[in-house]
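All chains are named by letter (A, B, ...) in the order of the sequence lines, taking the proteins before the strands, and each is independently numbered beginning at 1. Atoms considered below: every heavy atom in the structure, side chains included; atoms not considered: hydrogens, waters and symmetry mates.
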2 protein chains.
Amino acid sequence: MKWDTLEEEPCSLARTVAVIGDRWSLLILRECFLRIRRFDDFQASLGITRHLLADRLKKLVRFGVLRKIPYQEAPKRYEYILTQKGLDLYPIIMSIVHWGNVHMVDARGRPLLHEHKTCGKMFDPVMVCSECGEPLSAKAVHVHPGPGARKSSPVHASARERAKRAAEST
Amino acid sequence: MKWDTLEEEPCSLARTVAVIGDRWSLLILRECFLRIRRFDDFQASLGITRHLLADRLKKLVRFGVLRKIPYQEAPKRYEYILTQKGLDLYPIIMSIVHWGNVHMVDARGRPLLHEHKTCGKMFDPVMVCSECGEPLSAKAVHVHPGPGARKSSPVHASARERAKRAAEST
DNA sequence: ATTGACAGTTCTAAAATAGAACTTATGGTC
DNA sequence: GACCATAAGTTCTATTTTAGAACTGTCAAT
């Protein structure tokens with residue numbers, strides 16, 4: 001698969017993976033949420049090569065996740081800040097951090113704790129249904145093809161079934 | 001950075017990225033949640049090379065996200081199913097899909113719709129605080145170093161500040 | 001005039017990935 | 001018994017991506 005076709009796939013996961021699905025992008029975004037904004041700061045705190053960092057920042061700007069804002073003239077310098085589209089990635093970041101907290105911590109415990117300013121308590125993120133407010137689990141969800149689905153091959157048909165249909169239609 | 005050191009970083013995001021942070025792993029997991037279980041089915045529905053698929057499945061098994069279950073003897077054949085650790089990735093998958101639904105759909109609309117069996121309605125996932133139940137936003141959260149934090153350099157200190165401290169301490 | 005900060009760009013070597021063919025074990029068909 | 005198909009990989013070479021380090025261009029301060 002060519003990765004530049006990924007963003008055109010009829011799948012919201014694939015399109016999002018086109019934006020954040022490489023090893024560095026999520027780490028760069030973590031730094032953004034921790035208030036890192038400048039090239040050399042990203043480079044120093046991540047240890048990413050300057051080449052790759054320049055490339056990834058360019059990509060995130062192209063996708064509208066980050067915006068380049070000048071913070072001084074002469075010489076012109078920019079910093080990278082999250083757009084609303086970028087801020088909307090927060091639930092992704094938080095659910096990734098939470099999974100790591102539950103399944104990947106060592107004996108010393110969590111590297112970070114999160115306080116909810118609204119209620120003042122340390123919390124974990126919980127994913128709930130927008131309609132009834134109940135916590136979500138994979139088994140309680142049923143998937144339907146939407147208006148943007150691929151016509152002839154619903155994503156939830158198994159490859160085996162599709163292969164069979166293809167064979168019959170020849 | 002060497003990617004095999006990523007899982008030892010004192011950061012739950014980095015450790016999770018070590019598991020799911022490459023382009024294919026998330027797509028493979030999407031197929032798992034859509035009930036794909038067998039090697040050739042993954043290969044056919046994703047178009048991934050067999051080499052890479054074998055490698056990624058091995059990695060996901062090693063991390064305890066998938067389990068290899070025999071479904072026939074002679075010749076011995078296995079299928080890959082999600083463990084509880086793997087099922088717990090569901091909020092990550094859902095928040096990625098949701099971001100794509102909001103920010104990456106084309107004119108035709110969403111490829112998939114999700115129905116919550118519990119309440120019978122089409123829904124979106126919402127991330128809320130485990131303590132007060134309010135929806136979460138990046139700005140309402142404050143980060144503290146936890147017991148597993150790196151001693152001398154809290155993750156939220158900027159690279160600039162750290163560089164300054166390092167310079168002063170020499 | 002030299003030094004240092006910042007934001008990149010350029011270079012080569014090493015690693016990962018794509019794409020296709022091959023392997024092993026078994027069961028069914030002519 | 002020879003031949004074909006299925007399933008789950010493995011092996012091979014060519015291409016692409018990434019790592020690591022050095023270099024460039026602007027400007028300010030010494």
Side-chain angles (χ1 to χ4, degrees), chain A residues 1-6 17-18 21-28 31 36-62 66-81 158-164 166-167 170, chain B residues 1-6 17-18 21-28 31 36-62 66-81 158-164 166-167 170:
Chain A
M1 185 186 287
K2 290 128 191 170
W3 289 111
D4 40 334
T5 68
L6 199 55
V17 166
D22 66 286
R23 297 204 198 59
W24 282 118
S25 294
L26 278 169
L27 293 167
I28 291 169
E31 299 302 299
I36 300 286
R37 293 166 145 74
R38 300 185 185 177
F39 192 93
D40 277 18
D41 286 350
F42 284 113
Q43 208 271 318
S45 68
L46 289 172
I48 184 175
T49 63
R50 306 177 75 76
H51 182 102
L52 260 278
L53 178 57
D55 184 82
R56 291 297 182 271
L57 288 173
K58 213 169 282 175
K59 191 189 74 174
L60 292 170
V61 169
R62 178 162 56 79
L66 297 180
R67 187 166 28 213
K68 235 174 142 167
I69 303 283
Y71 70 90
Q72 72 171 35
E73 311 289 322
K76 200 122 183 174
R77 296 269 186 258
Y78 297 91
E79 52 189 13
Y80 295 88
I81 64 156
S158 84
R160 183 170 289 102
E161 287 164 355
R162 274 182 278 141
K164 218 167 271 176
T170 55
Chain B
M1 183 188 285
K2 291 128 190 168
W3 289 111
D4 40 334
T5 69
L6 199 56
V17 166
D22 67 286
R23 297 204 197 60
W24 282 118
S25 294
L26 279 169
L27 293 168
I28 290 170
E31 298 302 300
I36 300 284
R37 293 166 145 76
R38 300 185 185 178
F39 193 91
D40 279 17
D41 285 349
F42 285 114
Q43 207 272 319
S45 68
L46 289 172
I48 185 176
T49 64
R50 306 177 74 77
H51 183 102
L52 261 271
L53 177 58
D55 184 81
R56 291 297 182 272
L57 288 173
K58 213 169 281 175
K59 191 189 74 174
L60 292 170
V61 168
R62 179 162 54 81
L66 297 179
R67 187 168 25 213
K68 235 174 142 169
I69 304 283
Y71 68 90
Q72 72 170 37
E73 311 289 322
K76 200 123 185 175
R77 297 271 185 257
Y78 297 91
E79 53 189 11
Y80 295 87
I81 64 157
S158 84
R160 184 170 289 103
E161 287 165 354
R162 273 182 279 140
K164 218 167 271 176
T170 56

> What pair of heavy atoms forms the shortest contact from B:Gln43 to B:Leu53, and how long is it?
N-CD2, 3.7 Å
> C:dT9, D:dA8, C:dG8: which one has an atom nearest the side-chain heavy atoms of B:Phe39?
D:dA8
> In Å and rounded to the nearest 0.5 Å, what is the CZ to CG distance from A:Arg62 to A:Leu57?
12.5 Å
> Do any N or O atoms of the protein come closer than 3.5 Å to N or O atoms of nucleotides 27-30 of chain D, and which pairs are they?
from: D:dC27; atom 1: O3'; to: A:Ala74; atom 2: O; distance (Å): 3.2

> Can you sort out the partners of B:Gln72 under side-chain hydrogen bond (donor to acceptor under 3.5 Å, both in side chains), two or more places apart, ordered by chain and number?
none
> Would you mind reporting whether B:Leu27 and A:Leu6 have side-chain heavy atoms less than 4.5 Å apart?
yes
> Rounding to an integer number of Å, can you tell me how far B:Lys58 NZ sits from D:dA8 C1'?
11 Å
> Look at the side chain of A:Arg77 against the base of C:dA7 and say whether a donor-acceptor pair falls under 3.5 Å; ignore hydrogens and angles.
no
> Between D:dA7 atom C1' and B:Tyr78 atom OH, what is the distance in whole Å?
13 Å
> Rounded to the Å, how far apart are A:Ile69 CD1 and C:dA7 P?
14 Å
> Nearest of C:dG8, D:dG9, C:dA7 to any side-chain atom of A:Asp40?
C:dA7
> May I have the distance from A:Leu53 (atom CG) to C:dA7 (atom P), rounded to whole angstrom?
10 Å
> Would you call B:Tyr80 and B:Lys68 a side-chain contact if the rule is heavy atoms closer than 4.5 Å?
yes
> Starting from C1' on C:dA5, measure out to CD on A:Gln43 and report it in whole angstrom.
14 Å
> Quick check on D:dG9: is either OP1 or OP2 less than 4.0 Å from any side-chain nitrogen or oxygen of B:Tyr80?
yes
> Would you say B:Leu46 and B:Ile36 make side-chain contact, with heavy atoms under 4.5 Å?
no
> Restricting to non-hydrogen atoms, name the atom on A:Ala18 and the atom on A:Lys59 that form the minimum distance, rounded to 0.1 Å.
O-NZ, 3.8 Å
> Are any non-hydrogen side-chain atoms of A:Arg38 and A:Tyr71 less than 4.5 angstrom apart?
yes
> Do nucleotides 12-23 of chain D as a string where each nucleotide becomes B, S or -: B if the base has a protein heavy atom under 4.0 Å, S if just the sugar-phosphate does, - if no protein is that close.
B-----SBB-B-
> What is the distance from CD1 of B:Ile36 to P of D:dA7, rounded to the nearest Å?
13 Å
> Would you indicate whether the side-chain heavy atoms of A:Phe42 and A:Ile48 approach each other to under 4.5 Å?
no
